[in-house]
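Sequence lines set the chain letters: A, B, ... in the order given, protein chains first and strands last, and positions in each chain run from 1.
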2 protein chains.
Amino acid sequence: MSRRADDAGRRGQLLRESARLFRERGYDATSVRDIAAATGLQSGSWVYHFKTKQDILAAVMEQGLQQALERIEAIAREELPPREHFRALVRTHLDTLLGPGQDFIPVLLYDWRSLDKPGRDRVIALQKRYEQVWEDVIHQLQRAGDWAMPTRIDRLLMFGALNWIVQWYRPRGPLNATQIVAEAEKFFLRTLPRARARRPGVRRS
Amino acid sequence: MSRRADDAGRRGQLLRESARLFRERGYDATSVRDIAAATGLQSGSWVYHFKTKQDILAAVMEQGLQQALERIEAIAREELPPREHFRALVRTHLDTLLGPGQDFIPVLLYDWRSLDKPGRDRVIALQKRYEQVWEDVIHQLQRAGDWAMPTRIDRLLMFGALNWIVQWYRPRGPLNATQIVAEAEKFFLRTLPRARARRPGVRRS
DNA sequence: CCTACCGATCGGTAGG
DNA sequence: CCTACCGATCGGTAGG
C-alpha cells in the first residue's frame with residue numbers, strides 16, 4: 001500500500017485498459033480521454049504515468065512481448081521431444097494471442113504502423129529473440145525428420161498462419177483453441193508420425 | 001473527354017490515392033485533406049465524389065475485392081489440373097496483395113476495423129464468393145490426393161499464411177513473389193508429386 | 001491527481 | 001470545383 005505500489009498498480013491498470021481499447025478500436029480511434037475514463041481518472045491525469053499517448057502504445061507492445069518471451073523461453077529450457085516442444089510453443093503462442101484478457105500482442109500485430117521509429121526498434125530487438133526460440137525448435141524438428149526442410153519463407157508462412165488467427169478466432173465461436181493447436185500442428189508438420197501416417201481416418205469430427 | 005468521363009477519372013484517382021495513403025498510414029491517420037492534396041484538389045472538393053470519408057474507405061475495399069474476384073473467377077473457369085489450378089490461385093492472390101500499385105486489398109486486410117457495419121456486410125458478401133472459388137479448387141486437390149483432408153481450420157490457416165505476407169514482403173527485398181508462390185505451394189500441399197518426393201536436394205538456393 | 005483550458009486539427013458545409 | 005469557415009474533438013499543459 002505504499003505510494004510506489006499504488007503507482008505501479010495504476011500504471012498497470014492504464015496499460016491493461018489501453019491494450020483492451022487499442023485492440024477493440026485501434027490506436028488512432030482511441031482517445032486519451034477514453035483511456036482515462038476506463039481507468040477511472042480525469043481526462044488529463046494519465047500524464048502522471050506516461051509522457052505521451054505514443055509512450056502508452058510502446059509500453060503496451062513492449063510489456064506484452066516481454067511477457068510472451070518469458071513464457072516461451074521457459075518452454076525452450078524444458079527437455080522435450082521435438083514434436084512436443086513445437087506443440088508447446090504453438091499452444092503458448094496461441095494462448096498469448098487468443099487467451100482471455102490477452103490484448104497486448106494483438107495490439108502489437110494490429111497497430112504496428114502506429115508505433116514510432118524508436119519504439120519499433122526496441123520491439124524488433126525483442127521479436128528477434130522470440131523468433132530465435134522457434135528457430136531452435138524447428139531445427140530440432142528437422143533433425144528428427146518431422147519438418148523436411150524449413151526455409152525462411154516456411155517460417156514466415158507459419159507465423160502468418162498463426163498470427164492471422166487473431167483475425168477470425170472468436171472465444172465463443174465453434175472452434176476452440178485446443179482444436180486449433182492440434183490442426184495447426186498437423187498443418188505445419190508434413191511428415192506425420194509413421195504409425196498414423198497411413199491412417200487419415202483417425203481424425204475426429 | 002465528356003464531363004462524366006472526367007468525373008469517373010477523378011473518382012478513380014481519388015480512390016487510388018486514398019488506397020495508397022490508407023495502406024501507408026492507416027485510415028484514421030489519413031485526413032481528407034491529405035487525400036485531396038494527393039489528388040490535386042482543394043481541401044473540401046472530395047465531397048463531389050463521395051459523401052463521407054467512410055464512403056471512400058468502403059469504395060476502396062469493395063472495388064478492390066470486386067476486381068480480385070473477377071480475376072480468380074476467370075481462373076476458376078479455366079480447365080487445369082488441380083495443382084496448376086491451385087498454383088494459379090495463389091499466384092493471382094499474391095499479385096493482388098503484393099503487386100505494384102495494389103493497395104486496395106491490403107487496406108481491406110489492415111483497416112477492417114475502421115469500416116462501419118453496412119460496409120462490412122457488403123464486403124463479407126463478396127468475400128464469401130471469393131472463398132467459394134478456393135473451396136472448389138481445394139476440393140479438386142483433395143480428390144486428386146494432393147491435400148489429404150482439408151478442414152475449415154486448414155483453409156483459414158492457409159489464408160492466414162498468404163495474407164500475412166503483406167506484413168513482411170518488401171518489393172526490393174531478397175525474396176521475390178515467384179519464389180514465394182513456389183514455397184507456398186510446397187508448404188500447403190503435404191503430398192508432394194511422387195517423382196520429386198524423395199529428392200529434397202533439387203531445391204535451388 | 002483534478003479543473004480548466006490551450007492550440008491544432010479533424011470531417012464536413014455554406015455560399016458562390 | 002474553390003474559398004472560407006463551422007463545431008467538435010484531439011493530445012497535452014498550467015496552476016493549483
Side-chain angles (χ1 to χ4, degrees), chain A residues 1-61 107 111 113-119, chain B residues 1-61 107 111 113-119:
Chain A
M1 281 299 247
S2 73
R3 185 167 300 167
R4 295 191 60 155
D6 278 348
D7 213 57
R10 258 304 190 228
R11 189 189 143 98
Q13 203 182 346
L14 274 164
L15 280 181
R16 282 192 302 278
E17 295 298 337
S18 298
R20 188 175 59 77
L21 290 167
F22 289 163
R23 179 185 193 169
E24 261 177 45
R25 317 176 186 175
Y27 173 76
D28 284 315
T30 304
S31 71
V32 291
R33 284 165 173 79
D34 293 334
I35 295 170
T39 317
L41 295 176
Q42 293 303 315
S43 66
S45 301
W46 56 274
V47 293
Y48 300 102
H49 303 280
F50 299 94
K51 280 228 299 272
T52 64
K53 187 190 173 191
Q54 182 67 217
D55 283 344
I56 300 179
L57 180 65
V60 165
M61 292 185 180
V107 170
D111 266 325
R113 274 182 311 190
S114 300
L115 189 65
D116 62 17
K117 185 69 167 60
Chain B
M1 281 297 245
S2 72
R3 183 167 300 167
R4 292 195 58 157
D6 278 348
D7 211 58
R10 262 294 196 236
R11 189 190 141 98
Q13 204 182 344
L14 275 164
L15 280 182
R16 282 192 302 278
E17 295 298 338
S18 298
R20 188 176 59 78
L21 290 166
F22 290 163
R23 180 186 193 167
E24 261 178 46
R25 319 176 185 174
Y27 174 75
D28 284 315
T30 304
S31 70
V32 291
R33 283 165 174 80
D34 294 333
I35 295 170
T39 317
L41 294 175
Q42 293 303 315
S43 66
S45 301
W46 56 275
V47 294
Y48 300 103
H49 304 280
F50 298 95
K51 280 227 302 271
T52 65
K53 186 188 174 192
Q54 182 66 217
D55 282 344
I56 301 179
L57 180 65
V60 165
M61 294 186 180
V107 170
D111 266 326
R113 273 182 310 191
S114 300
L115 189 65
D116 62 17
K117 185 66 168 59

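- Taking 4.0 angstrom as the limit, A:Gln42 places a side-chain polar atom (N or O) nearer than this to OP1 or OP2 of C:dT3.
- The side chain of A:Trp46 lies closest to D:dG12, out of D:dG12, C:dC1, D:dC2.
- Between A:Thr39 and A:Leu14, the shortest heavy-atom distance links the atoms OG1-CD2, 3.4 Å.
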Checklist entry - Given the rule in the side chain to side chain contact (heavy atoms under 4.5 Å, CB included) test, do A:Leu41 and A:Tyr48 qualify, once you have shown the distances and angles that lead to the verdict? => result CA-CA 11 Å; A:Leu41 295 176; A:Tyr48 300 102; over 6 Å; no

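- Per the geometry, CG belonging to B:Leu41 stands 16 Å off C1' belonging to C:dT13, to the nearest Å.
- Residue contacts for B:Ser31: at a heavy-atom cut-off of 4.0 Å it reaches the sugar-phosphate backbone alone, with no base atom in range.
- Nearest heavy atoms, A:Arg11 versus A:Phe50: NH1-CE2, 3.4 Å.
- For the pair A:Arg25 CZ and D:dC10 P, the computed distance is 10 Å after rounding to whole Å.
- Nucleotide C:dG15 forms a Watson-Crick or G-U wobble pair with D:dC2, both donor-acceptor distances falling under 3.5 Å.
- Checking A:Ala29 against A:Val47, the closest nucleotide of DNA chain D that is more toward the 5' end is the one next to A:Ala29.
- Salt-bridge check for A:Arg113 with B:Asp28: failed, with every basic side-chain N at 4.0 Å or more from each acidic carboxylate O.
- Pairing for D:dC10 is with C:dG7, a Watson-Crick or G-U wobble pair whose two hydrogen-bonding atom distances lie under 3.5 Å.
- Following rounding to the nearest Å, B:Leu14 (CG) and C:dG11 (P) show an atom-to-atom distance of 14 Å.
- Judged by closest nucleotide on DNA chain D, B:Ser43 is the one of A:Arg33 and B:Ser43 placed further toward the 5' end.
- If you take CG of A:Asp28 and C1' of D:dG11, they are 12 Å apart, rounded to a whole angstrom.
- Comparing D:dC2, C:dC2, C:dG12 by their nearest atom to the side chain of B:Ser45 picks out D:dC2.
- Checked by atom type and distance alone, the side chain of A:Gln13 never pairs as donor or acceptor with a backbone atom of A:Ala38 at under 3.5 Å.
- The CZ atom of B:Phe50 sits 18 Å away from the C1' atom of C:dT13 (whole-angstrom rounding).
- For B:Tyr48, the side-chain atoms get nearest to D:dC2 when compared with the rest of D:dC2, D:dG11, C:dC2.
- The distance from atom CD1 of B:Ile56 to atom P of C:dG11 is 9 Å, rounded to the nearest whole Å.
- Residue contacts for A:Thr30: at a heavy-atom cut-off of 4.0 Å it reaches the sugar-phosphate backbone alone, with no base atom in range.
- The NZ-C1' distance, from B:Lys53 to C:dC10, rounds to 8 Å in whole Å.
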